[in-house]
K.L.:
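Quick one: the structure is below, questions incoming.
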Number of protein chains: 2
Amino acid sequence: MTVEQIHAAAERLNGHARITPILTSPFLDDLAGRRVHVKAEPLQRAGSFKFRGAWSALTALPKGTRGVLAYSSGNHAQGVAMAAERLDMPAVIVMPLDAPALKIANTRALGAEVVLYDRARGENREEIGAALARERGLALVRPYDDPEVIAGQGTVGLELARQLPGDVSGDVLVCCGGGGLSAGIALALEAERPALRVRTVEPEGFDDMARSLSSGRIERNAAVGGSVCDAILTPAPGDLTFPILKDRAGPGLSVSDDEAMHAVALAFLRLKLVCEPGGAVALAAALFRRDLIEGDAVTVIASGGNVDPRTFSRALERLA
Amino acid sequence: MTVEQIHAAAERLNGHARITPILTSPFLDDLAGRRVHVKAEPLQRAGSFKFRGAWSALTALPKGTRGVLAYSSGNHAQGVAMAAERLDMPAVIVMPLDAPALKIANTRALGAEVVLYDRARGENREEIGAALARERGLALVRPYDDPEVIAGQGTVGLELARQLPGDVSGDVLVCCGGGGLSAGIALALEAERPALRVRTVEPEGFDDMARSLSSGRIERNAAVGGSVCDAILTPAPGDLTFPILKDRAGPGLSVSDDEAMHAVALAFLRLKLVCEPGGAVALAAALFRRDLIEGDAVTVIASGGNVDPRTFSRALERLA
């Protein structure tokens, strides 16, 4: 992949995706021990960066495509559903039964047909999705291992290159599941602002990308669930995303669920921004892994805000 | 006052205040029965639009001013404190004992000296403030009845005129305490986008501006407290703000505390934006007073997000 694909996606997204703001707070700077710039993707349409990749992929489909199919625990589903609705294209979303109720309800309310599967009983979303796509003639939109999806997520990197103050260099911390967002941003920054370097952030126990970056080959997670960071629990780095990150990303970081929840509370208090736990792991790393970060500034991608109200209230209890 | 003062304030704010985004959601459009555009001032520095007026006022002071004094239940305090800190100017803030603990703590953390008074015991903040300002040679920065403050708040209107899609006209709903934000926006829109009209929104029982607009002269509130919308509980319209609004604003609206809390919950769910109850009354009016609004679009100013975590969690219970 090349940065030209990201520029082409940016053109298609222009006027459709939101250019999200960079937020700052002197209180967060103090906690992090350096200047913190937070790119606020919860303010993106459908509440996460996923709308970018979805719009990019859907607008790159051949004319005459009858509809799209996606499988996702939530944010990709909502991104694809909203993009499809705005493009007047039918969408079928395959979601796990145990996905947050809010994400399932939102996906339906955006006009998509939701097909539920039971991951605890070993049902395989790839197989269910492939069969449905074949039967109905739908185009599959993968959550991260698709060049047009990666190109769409990379538009976050193009915006960062323009928006950040000129003297900001160093680490860009990115919440990482399959690596689509991280890979897209890494490609964009390499071309547009090489003084910035992507570092992936994952939940402890789901640090497949960090271990893969360290060993140089794709490593898998033992666990399949059990973290509050539902948005970024993927089994292993993608076949497309890992080779991109292998040569471009710094060492991966990981944080505990408790630290992610604490970051959710601090984003509420100091930025007035709603983050979900999986969308706050990068902020958590900036605040609670400061010894593993270098330089006088750190950039953080807050990647999504689709959080159940109860989980959010539980996070806020930390502020009492 | 003229729009030139607002343009001058905008120049001084350039690079210091944030240009806040306009947020939208198809879910809110459905509830409101028309397109809703929300100007997200909780994302402004110090968590509310008040930073604009504070920066405008402080940068208009004569050279050699030894420091500033403000009295405020919270958002103006934080706005003045943050502006003063960034301008390296001493600040003294007179706050009521019963202001939200978070707002008092934040004001102190921003380097201001906080002087508390007891409004229940009839202590008068104007007297306390005037005495302190005299003793120490500080410049008083009024929360709304000051031309430079109104000019700073008016920059919200200049941004609206640029940011809103060209086909948006009709009502601009503004959370209203003393009327500084409403007056500034009304002046800006009259000059830059006259198809938009300001309408003030207040908590029920504190609708002094609505009654004043209706009678044509300044009316006062009977109550002095007891609403969850602490940010916008003022005794009466300002002597500067009312004459501006009298000729330019449409009929005022009011909403219940319960409706304000519901709007807080919906801003969380649909916009991923943290609003305080007083900062959400305009959104509440868009959603729950739809019969009193005309046209196919409505613009809402979400004015602030400095809310205690417990109050916020209480608002979210509505989503269960």
Side-chain angles (χ1 to χ4, degrees), chain A residues 15 18-27 30-31 38 40-48 78 81-82 85-86 101-102 105-106 109-111 163 165 264-276 279 302-320, chain B residues 15 18-27 30-31 38 40-48 78 81-82 85-86 101-102 105-106 109-111 163 165 264-276 279 302-320:
Chain A
R18 232 167 248 152
I19 295 172
T20 52
I22 305 269
L23 305 178
T24 59
S25 158
F27 296 99
D30 279 353
L31 285 171
V38 180
E41 284 297 300
L43 303 176
Q44 189 49 264
R45 290 192 198 284
S48 86
Q78 288 182 67
M82 190 177 270
E85 187 183 48
R86 291 172 70 94
L102 179 64
N106 282 351
L110 289 167
Q163 291 175 305
V264 168
L266 289 167
F268 158 86
L269 185 63
R270 300 308 182 193
L271 302 176
K272 314 307 171 191
L273 180 69
V274 175
C275 292
E276 59 190 291
S303 55
N306 292 314
V307 53
D308 270 309
R310 266 180 226 173
T311 304
F312 197 78
S313 292
R314 209 150 37 82
L316 298 194
E317 285 168 14
R318 258 146 261 261
L319 301 174
Chain B
R18 232 168 246 151
I19 294 172
T20 52
I22 305 269
L23 304 178
T24 60
S25 158
F27 297 99
D30 279 353
L31 286 172
V38 180
E41 284 296 301
L43 303 176
Q44 189 50 263
R45 289 191 199 284
S48 87
Q78 287 181 68
M82 190 177 271
E85 186 183 48
R86 291 171 69 94
L102 180 64
N106 282 351
L110 289 168
Q163 291 175 305
V264 168
L266 289 167
F268 158 86
L269 184 63
R270 299 309 180 191
L271 302 176
K272 314 306 170 192
L273 181 68
V274 176
C275 291
E276 58 190 291
S303 56
N306 292 314
V307 52
D308 271 308
R310 265 180 226 176
T311 304
F312 197 78
S313 292
R314 209 149 39 83
L316 298 194
E317 285 169 15
R318 257 147 262 260
L319 303 173

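Per chain, numbering begins at 1; letters A, B, ... match sequence-line order.
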K.L.:
Checking R45(B) against chain A: side chain, backbone, both or neither under 4.5 Å from a heavy atom?
P.N.:
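Only the side chain of R45(B) comes within 4.5 Å of chain A.
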K.L.:
Which bit of L43(B) comes within less than 4.5 Å of chain A, counting heavy atoms only: side chain, backbone, both or neither?
P.N.:
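For L43(B), backbone and side chain are both near chain A.
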K.L.:
Looking at R318(B), I'd like to know if its CZ atom is crowded, meaning that more than 12 non-hydrogen atoms belonging to other residues, nucleotides or ligands lie closer than 6.0 Å.
P.N.:
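Correct, the count exceeds 12.
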K.L.:
Chain B heavy atoms under 4.5 Å from R310(A): which part of the residue, side chain, backbone, both or neither?
P.N.:
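The side chain, not the backbone.
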K.L.:
Please give me the minimum heavy-atom distance between Q78(B) and A46(B), naming the atom from each residue.
P.N.:
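Taking Q78(B) first and A46(B) second, the nearest heavy atoms are O-CB, 3.8 Å.
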K.L.:
Which bit of D30(B) comes within less than 4.5 Å of chain A, counting heavy atoms only: side chain, backbone, both or neither?
P.N.:
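Contact with chain A involves no heavy atom of D30(B) at all.
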K.L.:
Taking all non-hydrogen atoms of both residues into account, name the closest pair between V264(B) and C275(B) and its distance.
P.N.:
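Closest approach of V264(B) to C275(B): CG1-O, 3.5 Å.
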K.L.:
Heavy-atom count check: over 12 atoms from other residues, nucleotides or ligands less than 6.0 Å from R86(A) CZ?
P.N.:
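Result for CZ/R86(A): enclosed.
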K.L.:
Only pairs of heavy atoms separated by less than 4.5 Å count here; which of T24(A), T20(A), V307(A) has the most with chain B?
P.N.:
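Result: the option with the highest number of such pairs is T24(A).
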K.L.:
Against chain A, label P42(B) side chain, backbone, both or neither, depending on which of its atoms sit under 4.5 Å from a heavy atom there.
P.N.:
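P42(B) touches chain A through backbone and side-chain heavy atoms alike.
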K.L.:
Is L269(B) close to F27(B) at the side-chain level, that is, under 4.5 Å between some pair of heavy atoms?
P.N.:
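Side-chain contact under 4.5 Å: no.
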K.L.:
Among I19(A), I22(A), D308(A), N106(A), which has the most heavy-atom pairs under 4.5 Å with chain B?
P.N.:
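Ranked by heavy-atom pairs under 4.5 Å with chain B, first place is N106(A).
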K.L.:
Please classify the contact of L271(A) with chain B as side chain, backbone, both or neither, using a heavy-atom distance under 4.5 Å.
P.N.:
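For L271(A), the backbone is the part near chain B, not the side chain.
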K.L.:
CD/Q44(B) to CE/M82(B) distance, rounded to the nearest 0.5 angstrom?
P.N.:
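Answer for the CD-CE pair, Q44(B) versus M82(B), is 9.5 Å.
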K.L.:
Distance from E276(B) atom CD to N306(B) atom CG, nearest 0.5 Å?
P.N.:
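If I round to the nearest 0.5 Å, the distance is 5.5 Å.
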K.L.:
Specify which of S313(B), A265(B), G47(B), P21(B) makes the most heavy-atom pairs with chain A at under 4.5 Å.
P.N.:
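Highest number of heavy-atom pairs under 4.5 Å: S313(B).
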